[in-house]
K.L.:
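Next up is a structure, given as structure tokens.
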Amino acid sequence: MPAIQSPGTEEIHPDVALVARAREGDTAAFEQLVRQYERQIFRVAQHITQNREDAEDITQDTFLKAYEKLDQFQGNSKFSTWLVRIAVNESLMRLRKRKTSKTVSMDEDVQTEEGSIPRDFAEWRPNPEQIFDQNELGDILRRTIQGLPPGFRTVFTLRDIENLSTEETAEALGLSVPAVKSRLLRARLQLRERLSRYFRKKEGQPA
Amino acid sequence: MNCTDFLSQLTDYFDGQVPPALLAEIKTHLAECQHCEVVVNTTRQTIEVYRGNEVYDISDELRERLHSAIMTKCMAARKRA
């Protein structure tokens, strides 16, 4: 099995035509691409940096870089994956700047199994949305994902929140498919373990 | 199949990418191991709760501000080029 499969080579994605027009100076075409992906890029940046101001700057810088480097977009990956890759790199650079004494990379903390071995075996109550109000639930989900190492957080964000395929996630992060799968497994298990304290069924509660 | 073997297949299992023979082993394990069944259910709920609740929502106001800033920067870069 190849380490990275090239996705969607048979079908031409509508973005390809927009990128071609943008390269020829069609500002409206580029603006359409910005509209399509600005929310996603902001969310990715915010998830990785956990900082709203950084996420705003990164979103702007990502599109500026993309605009300046449109000629370098090869078209053998999706335009959105290419954008996400720029945003991830910008976000990791921000994290490094913030934590000058600590290296931040996709490889950080991947050696440890801590938190990835299931310990909590209680079933959860079916609908967290009905147990907590929207604000409380948002706080729980934010706090919980903040506790993951950046490498795990990033993989979970791209694969499970932004719905990129495993191959696209690998491409966006410059990782192999097995490396993405390994990080994804640990990220999911760590989040599950931490969320369990909020969502687990209480003793004696009916199924 | 033990629990560690099962966990190593969990990602492929969710993606429906497990070969049939291995899938049969997984199903046998899940039928016998309540802990792993709980892990499957609650891991699935973990993914669903994050998918179903936008943790970092972006307001229309912020989006418009960001959009204008992006386009202003890009147009300035175009003039410089």
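Predicted model, so just to flag it, every value in this text is computed and none were measured.
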K.L.:
How long is the span from the CG atom in D120(A) to the OG1 atom in T42(B), to the nearest 0.5 Å?
P.N.:
8.0 Å

K.L.:
Could you state the interatomic distance from CG (L66(B)) to OG1 (T59(A)), rounded to the nearest 0.5 Å?
P.N.:
5.5 Å

K.L.:
Tell me whether R192(A) contacts the main-chain N or O of N41(B) through its side chain, where contact means a donor paired with an acceptor under 3.5 Å.
P.N.:
no

K.L.:
Return the CG to CG distance between L185(A) and L10(B), rounded to the nearest 0.5 Å.
P.N.:
6.0 Å

K.L.:
Between E68(A), R43(A), E123(A), who has the most heavy-atom pairs with chain B when the cutoff is under 4.5 Å?
P.N.:
E123(A)

K.L.:
Using a cut-off of under 4.5 Å on heavy-atom pairs, state which of F30(A), F63(A), F42(A), Y67(A) scores highest against chain B.
P.N.:
Y67(A)

K.L.:
How far does CD of E56(A) sit from CD1 of I70(B), to the nearest 0.5 angstrom?
P.N.:
10.0 Å

K.L.:
Identify which one of E31(A), R39(A), Q60(A) satisfies the side chain to side chain donor-acceptor pair (under 3.5 Å) criterion when paired with H67(B).
P.N.:
E31(A)

K.L.:
Using side-chain heavy atoms (C-beta onward) and a distance below 4.5 Å, is C74(B) in contact with V34(A)?
P.N.:
no

K.L.:
Side chains of I47(B) and L191(A): closer than 4.5 Å at any heavy-atom pair?
P.N.:
no

K.L.:
Given heavy-atom pairs under 4.5 angstrom as the criterion, report whether the side chain, backbone, both or neither of L64(A) touches chain B.
P.N.:
both

K.L.:
Checking R44(B) against chain A: side chain, backbone, both or neither under 4.5 Å from a heavy atom?
P.N.:
neither

K.L.:
Step through the shown structure and confirm whether more than 12 heavy atoms of other residues, nucleotides or ligands are within 6.0 Å of CD on E136(A).
P.N.:
yes

K.L.:
Parallel under 30°, tilted from 30 to 60°, perpendicular over 60°: which one fits the rings of F121(A) and H35(B)?
P.N.:
parallel

K.L.:
Measure distances from E64(B) to the heavy atoms of chain A and classify the residue's part below 4.5 Å as side chain, backbone, both or neither.
P.N.:
side chain

K.L.:
For a side-chain contact (heavy atoms from CB on, under 4.5 Å) check, start with the C-alpha distance between T46(B) and L189(A), then their side-chain angles and the critical distance, and finish with the verdict.
P.N.:
CA-CA 9 Å; T46(B) 299; L189(A) 290 177; over 6 Å; no

K.L.:
Is it the side chain or the backbone of T166(A) that comes within 4.5 Å of chain B heavy atoms, both, or neither?
P.N.:
side chain

K.L.:
Is the number of heavy atoms from other residues, nucleotides or ligands within 6.0 Å of CG (N2(B)) greater than 12?
P.N.:
yes

K.L.:
Any heavy-atom pair between the side chains of V55(B) and Q46(A) that's under 4.5 Å?
P.N.:
no

K.L.:
Given a strict heavy-atom distance threshold of 4.5 Å, which part of A122(A) is in contact with chain B: side chain, backbone, both, or neither?
P.N.:
backbone

K.L.:
Would you please test Y56(B) and V44(A) for side-chain contact (heavy atoms from CB on, under 4.5 Å) and show each step?
P.N.:
CA-CA 9 Å; Y56(B) 294 116; V44(A) 167; over 6 Å; no

K.L.:
Could you tell me which portion of L62(B) (side chain, backbone, both or neither) has an atom closer than 4.5 angstrom to a non-hydrogen atom of chain A?
P.N.:
side chain

K.L.:
Checking K181(A) against D15(B) for the salt bridge (charged side-chain N to carboxylate O under 4.0 Å, His left out) test, could you report, in this order, the C-alpha distance in whole Å, the side-chain angles of both residues, the deciding distance, and whether it holds?
P.N.:
CA-CA 11 Å; K181(A) 285 185 179 178; D15(B) 289 344; 5.9 Å; no

K.L.:
Show, in sequence, the C-alpha distance, side-chain angles and deciding distance for L195(A) and Q45(B), and conclude whether the side-chain contact (heavy atoms from CB on, under 4.5 Å) test is met.
P.N.:
CA-CA 10 Å; L195(A) 287 180; Q45(B) 283 173 286; over 6 Å; no

K.L.:
Top residue by heavy-atom pair count (under 4.5 Å) with chain B, among H47(A), E162(A), R159(A)?
P.N.:
H47(A)

K.L.:
Given the rule in the side-chain contact (heavy atoms from CB on, under 4.5 Å) test, do L141(A) and Y50(B) qualify, once you have shown the distances and angles that lead to the verdict?
P.N.:
CA-CA 7 Å; L141(A) 296 179; Y50(B) 273 101; 3.6 Å; yes

K.L.:
Please state whether the side chain, the backbone, both or neither of Q134(A) comes within less than 4.5 Å of a heavy atom of chain B.
P.N.:
side chain

K.L.:
Taking only Lys NZ, Arg NE, NH1 and NH2, and the carboxylate oxygens of Asp or Glu, determine whether E54(B) and R142(A) approach each other closer than 4.0 Å.
P.N.:
no

K.L.:
Checking R52(A) against chain B: side chain, backbone, both or neither under 4.5 Å from a heavy atom?
P.N.:
side chain

K.L.:
Given side chains that start at C-beta, do those of R188(A) and F14(B) come closer than 4.5 Å, heavy atoms only?
P.N.:
yes

K.L.:
What I'd like to find out is whether the side chain of R78(B) reaches to under 4.5 Å of the side chain of T27(A), using heavy atoms alone.
P.N.:
yes

K.L.:
When rounded to the nearest 0.5 angstrom, what distance separates CZ in R186(A) from CG in L7(B)?
P.N.:
12.0 Å

K.L.:
If you define the side chain from C-beta out and look only at heavy atoms, does anything of N163(A) sit under 4.5 Å from R51(B)?
P.N.:
yes

